[in-house]
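What follows is one structure encoded as structure tokens, with my remarks underneath.
Atoms considered below: every heavy atom in the structure, side chains included; atoms not considered: hydrogens, waters and symmetry mates. All residue numbers in this chain count up from 1 along the given sequence.
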Amino acid sequence: MTTILIVEDDISLNKGIALTLAQDGITIEQVYDLASAENRFNAGGIDLVVLDINLPDGSGLDFCEKIRRVSRVPVIFLTANDLESDIVMGFELGGDDYITKPFSLMVLRSRVMAVLRRSDPSHEDKLTIGSMTFDFGKMEFRKQGQSINLSKTEQKLLKMLVSNRGQILTREQLINAVWVNEADFVEENALTVTVKRLRAKIEDDPSAPNYIKTVYGLGYIWAEEGPCQ
């Protein structure tokens, strides 16, 4: 299931976008200001953000910048501004596409689908990172040619980290992604324990990890070290 967050203060346009994008396999979440957008995004589970730049309580550009500190979730900007400087700023802050109002809802839909296809994590089902190979499709994991036995929970955590390598993932984001519908019932130290077990299996020195690094007060990050294919 793909979840799209629409952040647009024009109620009619927000509703029109939601109706246009709604289809099997896609869940639509609608908010109308930045405060609500931040609360919903921080709760996790968002796969793409359709983001108006001019919102009643601030700029969508600032929100995109916050998103990029922790996530690679695609962002498509909506704006009435067609100034080149605004477009450049949007892309420099990590936007994936930029649509100027007024626009065709069907064109928007096509561009949203295109961005989702490009960001589909299934293309990362098989990765080579340093001396390790991770095949999530076949559930085969190796380090220096030797098989690594990972539990389903460890596999989910590993995929979440490597699919967002170089990006800080909060503890809440990881818990929601790894334990999905069970997040409310997970013990507080479950993530810490799972990270420790995963480090023990893939790091050369788990006490000084090269890949799964702790960002104190925030969460974890898969450091972009070593070759990746």
Side-chain angles (χ1 to χ4, degrees), residues 1-3 5 25 27 39-49 66-74 94 116 118-229:
M1 181 69 71
T2 296
T3 301
L5 177 64
T27 297
N39 287 336
R40 178 60 191 88
F41 185 84
N42 290 338
I46 298 299
D47 299 295
L48 183 142
V49 181
K66 290 179 181 179
I67 290 174
R68 282 295 168 264
R69 292 174 189 165
V70 299
S71 173
R72 291 184 178 182
V73 166
L116 284 174
R118 291 199 300 269
S119 62
D120 184 355
S122 63
H123 75 281
E124 296 207 294
D125 269 357
K126 188 172 184 179
L127 289 170
T128 297
I129 300 178
S131 63
M132 298 177 290
T133 58
F134 306 141
D135 190 329
F136 294 97
K138 295 182 178 180
M139 293 187 290
E140 294 178 356
F141 309 92
R142 294 183 178 277
K143 179 179 179 181
Q144 296 177 341
Q146 299 298 310
S147 179
I148 307 171
N149 184 27
L150 299 182
S151 69
K152 290 290 183 63
T153 301
E154 291 163 353
Q155 291 177 35
K156 290 179 181 179
L157 176 61
L158 177 61
K159 185 161 189 180
M160 185 67 176
L161 288 166
V162 298
S163 294
N164 295 278
R165 52 191 177 276
Q167 301 291 326
I168 299 170
L169 297 176
T170 66
R171 291 181 62 86
E172 184 177 28
Q173 285 177 311
L174 289 169
I175 289 172
N176 286 334
V178 173
W179 283 274
V180 195
N181 298 325
E182 303 170 9
D184 291 339
F185 309 101
V186 174
E187 293 184 9
E188 187 174 347
N189 69 338
L191 178 61
T192 302
V193 171
T194 305
V195 168
K196 183 177 180 180
R197 289 175 177 169
L198 185 57
R199 279 175 172 160
K201 294 178 180 181
I202 68 174
E203 298 280 3
D204 291 334
D205 181 359
S207 64
N210 288 320
Y211 295 104
I212 306 174
K213 297 191 175 183
T214 301
V215 182
Y216 292 99
L218 291 176
Y220 298 93
I221 184 172
W222 182 279
E224 294 187 297
E225 298 183 10
C228 178
Q229 300 173 357

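- Inter-residue side-chain proximity for Val195 and Leu174 is flagged as unmet; no heavy-atom pair is nearer than 4.5 Å.
- Formation of a donor-acceptor pair under 3.5 Å by the Arg197 side chain with backbone atoms of Leu150 is not found in this model.
- Shown here are the salt bridge (charged side-chain N to carboxylate O under 4.0 Å, His left out) partners of Arg40, two or more places apart in sequence or in another chain: Glu29.
- Summarising the local packing, CG of Asn189 is surrounded by more than 12 heavy atoms from other residues, nucleotides or ligands at distances under 6.0 Å.
- The line from OG1 of Thr27 to CG of Leu5 is 12.0 Å long, rounded to the nearest 0.5 Å.
- With a 4.5 Å cut-off on side-chain heavy atoms, Leu161 and Ile212 count as touching.
- Here the CD1-OG1 distance, from Ile168 to Thr214, works out to 11.5 Å after rounding to the nearest 0.5 Å.
- Taking CG of Leu218 as the start and CD of Gln173 as the end, the distance is 10.0 Å to the nearest 0.5 Å.
- Using modelled atom types, one side-chain atom of Glu203 and one backbone atom of Asn210 make a donor-acceptor pair closer than 3.5 Å.
- Summarising the local packing, NZ of Lys143 is surrounded by more than 12 heavy atoms from other residues, nucleotides or ligands at distances under 6.0 Å.
- In this structure, the side chains of Leu191 and Trp179 come closer than 4.5 Å at one or more pairs of heavy atoms.
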Could you give the side-chain donor-acceptor pairs of residues 129-138 under 3.5 Å, partners two or more places apart or in another chain?
from   : atom 1 : to     : atom 2 : distance (Å)
Asp135 : OD1    : Gly137 : N      : 3.2
Asp135 : OD1    : Lys138 : N      : 3.0

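- To the nearest 0.5 Å, atom CZ of residue Phe41 and atom NZ of residue Lys66 are 12.0 Å apart.
- With a 4.5 Å cut-off on side-chain heavy atoms, Lys201 and Leu158 do not count as touching.
- Checked against salt bridge (charged side-chain N to carboxylate O under 4.0 Å, His left out), Lys196 has no partners two or more places apart in sequence or in another chain.
- The nearest pair of heavy atoms linking Arg199 to Pro209 is NE-CG, 3.8 Å.
- Rounded to the nearest 0.5 angstrom, Thr170 OG1 and Ile221 CD1 are separated by 12.5 Å.
- Contact between Asp47 and Leu116 at its shortest, heavy atoms only, is O-CD2, 4.3 Å.
- Thr192 places a side-chain heavy atom less than 4.5 Å from the side chain of Tyr220.
- Atom CG of Leu169 sits about 11.5 Å away from atom CG of Asn176, to the nearest 0.5 Å.
- In terms of modelled atom types and a separation under 3.5 Å, the side chain of Lys156 and the main chain of Ala177 share no donor-acceptor contact.
- Residues Pro206 and Ala200 come closest through the heavy atom pair CG-CA, 3.8 Å.
- Heavy-atom minimum distance, Leu127 versus Arg165: CD1-NH1, 4.0 Å.
- Looking only at distances, no side-chain donor or acceptor of Ser71 sits under 3.5 Å from a matching main-chain atom of Ile67.
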